[in-house]
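Each remark here refers to the structure printed beneath this line.
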Amino acid sequence: MPYATVNRIELYYEDQGAGQPLILLHGWGTCGQVWSAQQAEFSRDHRVVTPDWRGCGRSARPADGTTIAENAEDVLALAKTLGLEGPVLVGCSAGAAIVLEAARRAPESVRAVVAVDGPGYWPAERKAERLVELREALRTDRAATVRQWVVDWYGPLADPSLPEWTAQQILESSDCIDEILTDAVRNNPRETIGELAVPAVFVHGKLDAEIPAEVSETLAELAPHGEAHIMRESGHMPHVEQPAEFNALLRSILRRLTASGPSSPATAATADTD
């Protein structure tokens with residue numbers, strides 16, 4: 001099994017295909033398995049690298065250090081270790097915040113970034129407070145809290161087996177990952193996204209009960225080279241809920257990003273996607 005030691009952390013990753021490199025980064029508590037449909041599709045003509053971030057899946061479980069910034073440095077270090085030239089970073093949920101931060105820190109090392117249902121900021125004060133309460137509930141009864149929470153991650157069209165599949169991944173991960181929940185409350189990319197020098201595409205499920213689609217729309221407007229695409233029938237995990245529709249959208253995005261080159265802006269836009 002392939003492992004790479006980056007920033008003194010041993011990360012598990014899968015590396016498939018050849019061509020323009022993509023790094024697919026999962027969200028809180030899950031692992032690279034959430035990208036299986038994208039690995040199968042894009043490894044046909046891209047080099048697809050899918051890591052488990054620290055504390056998740058098969059990667060090492062440090063006692064701490066699972067902040068957005070530290071995970072962003074892991075992504076950049078992994079890309080360098082594997083010799084990836086100008087990868088497109090694709091991240092979902094907390095993974096979206098991580099890849100945006102990685103692209104902000106090292107635009108010379110990143111071709112573009114695709115953020116999927118990321119927590120850019122919290123439109124309602126109560127939502128941020130809920131994350132703090134959630135972390136305490138995880139300490140009290142982790143299994144019950146996780147299973148209750150992940151039901152809301154999926155829209156009505158999702159396979160009914162997905163919440164339990166997702167919960168199992170989270171429960172197999174280390175509780176050190178809870179640090180990123182606190183970090184996400186403090187994180188506000190609206191303050192720094194104007195520094196983003198690479199194209200940024202925001203994909204969001206309109207039925208996301210965790211993070212409103214307006215978050216991605218707002219960040220797309222603030223990013224110098226940003227655009228937003230709303231998947232109208234998806235919840236928080238569109239790449240898992242509607243893999244065929246998501247793959248078609250991502251392929252069209254990658255086609256334009258590749259054609260435009262690493263330093264050309266994407267077209268600023270917001271579009272609904274069926």
Next on the checklist: Quick check on the hydrophobic clustering: are L207 and M237 connected, directly or via other members, by side-chain heavy-atom contacts under 4.5 Å?
Outcome noted: no
Next on the checklist: Would you compute the distance between atom CD1 of I23 and atom CD1 of I98 and round it to the nearest 0.5 angstrom?
Outcome noted: 12.0 Å
Checklist entry - Say you draw a straight line from CD of E101 to CG of L196; how long is it, rounded to the nearest 0.5 Å? => result 10.0 Å
Next on the checklist: Let's go through Q169 and V34 carefully: what are the C-alpha distance in whole Å and the side-chain angles of both, what is the deciding distance for side chain to side chain contact (heavy atoms under 4.5 Å, CB included) to 0.1 Å, and is it a yes or a no?
Outcome noted: CA-CA 10 Å; Q169 291 179 56; V34 300; 3.7 Å; yes
Next on the checklist: For Q148, I'd like to know if atom CD has over 12 heavy atoms of other residues, nucleotides or ligands within 6.0 Å.
Outcome noted: no
Checklist outcome for this item: Between the CG atom in L219 and the CD atom in E227, the distance rounded to the nearest 0.5 Å is 14.0 Å
Checklist entry - What do the steps show when you test Q38 against H46 for side chain to side chain contact (heavy atoms under 4.5 Å, CB included), and what is the final call? => result CA-CA 11 Å; Q38 288 70 49; H46 290 73; over 6 Å; no
Item to check | Cationic N near anionic O, under 4.0 Å, R54 to D74 | outcome: yes
Next on the checklist: Between D208 and V215, does the side chain to side chain contact (heavy atoms under 4.5 Å, CB included) criterion hold? Intermediate values first, please.
Outcome noted: CA-CA 11 Å; D208 189 339; V215 171; over 6 Å; no
Item to check | Between W53 and H26, ring centroids under 6.0 Å | outcome: yes
Item to check | L257/Q20 under side chain to side chain contact (heavy atoms under 4.5 Å, CB included): CA gap, chis, key distance, verdict | outcome: CA-CA 11 Å; L257 291 174; Q20 165 65 46; over 6 Å; no
Item to check | Within one Ile-Leu-Val-Met-Phe-Trp-Tyr cluster: W165 and W149, side-chain cutoff 4.5 Å | outcome: yes
Next on the checklist: Once rounded to the nearest 0.5 Å, what's the spacing between atom OG of S216 and atom CD1 of I230?
Outcome noted: 6.0 Å
Next on the checklist: For A213 versus G205, what's the shortest heavy-atom pair and its separation?
Outcome noted: CB-O, 4.4 Å
Next on the checklist: For E221, is there an ion pair with R190 - N to carboxylate O distance below 4.0 angstrom?
Outcome noted: no
Checklist entry - Heavy-atom distance under 4.5 Å between the side chains of V88 and V114, does that happen here? => result yes
Checklist entry - Just by modelled atom types, is the D52 backbone N or O under 3.5 Å from a matching donor or acceptor in the S59 side chain? => result yes
Checklist entry - Looking at side-chain heavy atoms only, is the closest gap between F42 and N247 below 4.5 Å? => result yes
Next on the checklist: With a 4.5 Å cut-off on side-chain heavy-atom distances among I, L, V, M, F, W and Y, is there a chain of contacts connecting L171 to I180?
Outcome noted: yes
Item to check | Aromatic ring pairing W28/W153, orientation class (parallel under 30°, perpendicular over 60°, tilted between) | outcome: perpendicular
Next on the checklist: Could you go through E195 and T192, starting from their C-alpha distance and side-chain angles, then the distance that decides it, and tell me whether this counts as side-chain hydrogen bond (donor to acceptor under 3.5 Å, both in side chains)?
Outcome noted: CA-CA 6 Å; E195 304 170 10; T192 57; 5.5 Å; no
Item to check | Nearest non-hydrogen partners of Q16 and Q39, listed with the distance | outcome: OE1-CB, 3.3 Å
Item to check | The single option from E241, Q242, K206, H204 passing side chain to side chain donor-acceptor pair (under 3.5 Å) against S234 | outcome: Q242
Item to check | Minimum side-chain heavy-atom gap P51-L25 below 4.5 Å | outcome: yes
Checklist entry - What heavy-atom pair brings S173 and G55 nearest, and what distance separates the two atoms? => result CB-O, 3.4 Å
Checklist entry - Which is it for E133 and R130 under the salt bridge (Lys or Arg N to Asp or Glu O under 4.0 Å) test, yes or no, and what are the steps along the way? => result CA-CA 5 Å; E133 294 170 356; R130 181 172 175 252; over 6 Å; no
Item to check | Over all atoms of both residues, closest heavy-atom pair of D117 and G235 | outcome: OD2-O, 3.3 Å
Next on the checklist: Looking at D178 and R135, would you say the former's side chain and the latter's main chain have a donor-acceptor pair under 3.5 Å?
Outcome noted: no
Item to check | Lys/Arg N to Asp/Glu carboxylate O, E136 vs R139, below 4.0 Å | outcome: yes
Checklist entry - Using 30° and 60° as the class limits, which term best fits the ring planes of Y12 and Y3: parallel, tilted or perpendicular? => result perpendicular
Checklist entry - Nearest 0.5 Å, what's the CD-CG distance between E108 and L76? => result 8.5 Å
Item to check | Nearest heavy atoms of P224 and G194, plus distance in Å | outcome: CG-O, 3.4 Å
Next on the checklist: Working to the nearest 0.5 angstrom, can you tell me the gap between T50 OG1 and Q33 CD?
Outcome noted: 11.0 Å
Checklist entry - Do V90 and W35 come close enough that some side-chain heavy atom pair is under 4.5 Å? => result yes
Checklist entry - Linking I/L/V/M/F/W/Y whenever any side-chain heavy atoms sit under 4.5 Å apart, do I68 and V132 land together? => result yes
Checklist entry - For E85, does the CD atom sit with more than 12 other heavy atoms under 6.0 Å from it, leaving out its own atoms? => result no
Item to check | Non-hydrogen atoms of I177 and C56 that approach each other most closely | outcome: CG2-SG, 3.7 Å
